[in-house]
Amino acid sequence: MEHLEKAAQREICELRLITSKDDIAQRTSWWEQFVILLVRGMKERRHEYWSALRIIQVVFSAFLSGCLWWRPKQFNPQPQDQLGLLFFIAVFWCYLSLFTAIFTFPLERAILARERASDMYQLSAFFMARTSGDLPFDLGLAIMFMVILYFMTTLKQSFYAFTLTLLTTFLTVITSQGFGLFIGASMMDVQKATTLASILILILMLAGGFFIKNIPSFMSWIKYFSLQAHTFNILIHIQHSNYTITLVPNDPNSPNAVVDTLQGTPFYPAGNSIMALFALAFTYRVLTYISLRCMRY
């Protein structure tokens, strides 16, 4: 907290803002406020995101996963093994992005309250700067992770498939980050936010249809909000673009066969999942902004 406060004080002179709302509009434009806050935020957060501990976490997770799912090129992969790998990718980035984003606003509550009380900048400029500034760091870690993991495993070895998988990971990171920002901004307490997030992400994973085939009708609607289910569904389509939903009992090792390992997993068009993730990413960010707007300073 101390380094954040010192950084905020150091940037006050650069903001060139004053306490009157009317003067803010006259002295600095929204774009100027956004750029200054974006630069300030990236300077503050880069040491946290690119710390040795965070890089080791991502690299070690990717390398260990690659070793677990490593197979020589001549090996005929089991469909259930690939499903497990795709499930891991979906869950890993949902959890990592969400729980990283949760801390964004609660840790800056005191600074935000003081600066907003003085009308130093518009809340929308701060919100856009903060949410945009974290994305390059998150996406950079995702690239690092996928480059290590993808080519160690028996996933489809083509640049096209790799690019689509990487873009899917990007979309998952953006959506999960929005979910974490919303939880953090609505609770403004790290302990409460992490507790709530743990419960919600578990519910979304269970209701996503990974572990139960026949979900009760009054609970089935939750799967449409499951980040893990949507990501997993897109990855399935990338790796098995010509797969059939019907099982092939006579040839379970066929690359076109979808083994019923994850019972009840909702296989539906990838476009539906892509649109759902975009819609959730946008909705969560709107709700985050509303939560910040309603926060008592």
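Bear in mind that the values here come from a model prediction, so they are computed numbers and not experimental data.
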Handout entry: Residue list, ring pair (Phe, Tyr, Trp, His ring centres under 6.0 Å) with Y289, at least two apart or on another chain
Key =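 Partners of Y289 by the ring pair (Phe, Tyr, Trp, His ring centres under 6.0 Å) criterion, ordered by chain and then number, come out as F127.
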Practice task
With sequence neighbours left out, write down each residue that passes ring pair (Phe, Tyr, Trp, His ring centres under 6.0 Å) with F278, or none if nothing qualifies.
Solution key: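 Ring pair (Phe, Tyr, Trp, His ring centres under 6.0 Å) check on F278 returns nothing, list empty.
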Practice task
May I ask you to check whether S124 and W30 show a side-chain donor-acceptor distance below 3.5 Å?
Solution key: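 There is such a pair between these side chains.
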Problem - Exercise: do Q177 and D138 side chains pair donor with acceptor under 3.5 Å - result: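 There is such a pair (donor and acceptor under 3.5 Å, judged by atom type) between the side chains of Q177 and D138.
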Shared ILVMFWY cluster between [X] and [Y], side chains joined below 4.5 angstrom?
{"X": "I199", "Y": "I222", "answer": "yes"}
{"X": "F179", "Y": "I203", "answer": "yes"}
{"X": "I36", "Y": "L135", "answer": "no"}
{"X": "L167", "Y": "L86", "answer": "yes"}
{"X": "M144", "Y": "F159", "answer": "no"}

Exercise for the section: Quickly, which of N233, T168, T231 forms a side-chain hydrogen bond (donor to acceptor under 3.5 Å, both in side chains) with S273? Name it, please. Expected result: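 Only match with S273 under side-chain hydrogen bond (donor to acceptor under 3.5 Å, both in side chains): N233.
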Just wondering, are more than 12 heavy atoms of other shown residues or ligands nearer than 6.0 Å to [atom1] in [X]?
{"X": "L202", "atom1": "CG", "answer": "yes"}
{"X": "F88", "atom1": "CZ", "answer": "yes"}
{"X": "F151", "atom1": "CZ", "answer": "yes"}

Practice task
Report yes if the distance between the aromatic ring centroids of Y121 and F34 is under 6.0 Å, otherwise no.
Solution key: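 That pair fails the under 6.0 Å test.
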Mark yes or no for whether [X], through its side chain, and [Y], through its backbone, hold a donor-acceptor pair below 3.5 Å.
{"X": "T283", "Y": "L280", "value": "no"}
{"X": "H230", "Y": "Y224", "value": "yes"}
{"X": "T104", "Y": "A101", "value": "yes"}
{"X": "T194", "Y": "Q191", "value": "yes"}

How long is the straight-line distance from [atom2] of [Y] back to [atom1] of [X], given to the nearest 0.5 Å?
{"X": "L227", "Y": "T175", "atom1": "CG", "atom2": "OG1", "answer": "6.5 Å"}
{"X": "S61", "Y": "F145", "atom1": "OG", "atom2": "CZ", "answer": "6.5 Å"}
{"X": "L98", "Y": "L200", "atom1": "CG", "atom2": "CG", "answer": "8.5 Å"}
{"X": "F126", "Y": "T131", "atom1": "CZ", "atom2": "OG1", "answer": "9.5 Å"}
{"X": "H237", "Y": "F232", "atom1": "NE2", "atom2": "CZ", "answer": "10.5 Å"}
{"X": "I236", "Y": "Q82", "atom1": "CD1", "atom2": "CD", "answer": "8.5 Å"}

Any side-chain heavy atom of [X] within less than 4.5 Å of one from [Y]?
{"X": "Q157", "Y": "Y150", "answer": "yes"}
{"X": "L141", "Y": "Q57", "answer": "no"}
{"X": "R130", "Y": "L37", "answer": "no"}
{"X": "F87", "Y": "L83", "answer": "no"}
{"X": "I234", "Y": "L164", "answer": "no"}
{"X": "K156", "Y": "I238", "answer": "no"}
{"X": "T288", "Y": "I183", "answer": "no"}
{"X": "Y284", "Y": "L181", "answer": "no"}

What are the two closest heavy atoms between [X] and [Y], and how far apart are they?
{"X": "A90", "Y": "T172", "result": "O-CG2, 4.4 Å"}
{"X": "V91", "Y": "M205", "result": "CG2-SD, 4.1 Å"}
{"X": "T153", "Y": "G66", "result": "CG2-CA, 4.3 Å"}
{"X": "L171", "Y": "I274", "result": "CD2-O, 4.1 Å"}
{"X": "A142", "Y": "L166", "result": "O-CD1, 4.1 Å"}
{"X": "S132", "Y": "L38", "result": "C-CD1, 4.2 Å"}

Practice task
Show your working on side chain to side chain contact (heavy atoms under 4.5 Å, CB included) between L149 and L85 and close with a plain yes or no.
Solution key: CA-CA 10 Å; L149 173 64; L85 175 58; 4.1 Å; yes
Handout entry: E108/R114 salt bridge by N-O under 4.0 Å criterion
Key =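 No salt bridge links R114 with E108.
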Exercise for the section: Check the pair W93, S176 against side chain to side chain contact (heavy atoms under 4.5 Å, CB included), reporting the backbone distance first and the verdict last. Expected result: CA-CA 8 Å; W93 282 105; S176 302; over 6 Å; no
Problem - Working for side chain to side chain contact (heavy atoms under 4.5 Å, CB included), residues F162 and S158 - result: CA-CA 6 Å; F162 170 75; S158 70; over 6 Å; no
Handout entry: Mutual orientation of the aromatic rings belonging to Y95 and F99 [parallel < 30°, tilted 30-60°, perpendicular > 60°]
Key =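 Because their plane-to-plane angle is under 30°, the rings of Y95 and F99 count as parallel.
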Handout entry: Candidate pair Q239 and T165, rule side chain to side chain contact (heavy atoms under 4.5 Å, CB included), full reasoning
Key = CA-CA 9 Å; Q239 297 299 319; T165 303; 3.6 Å; yes
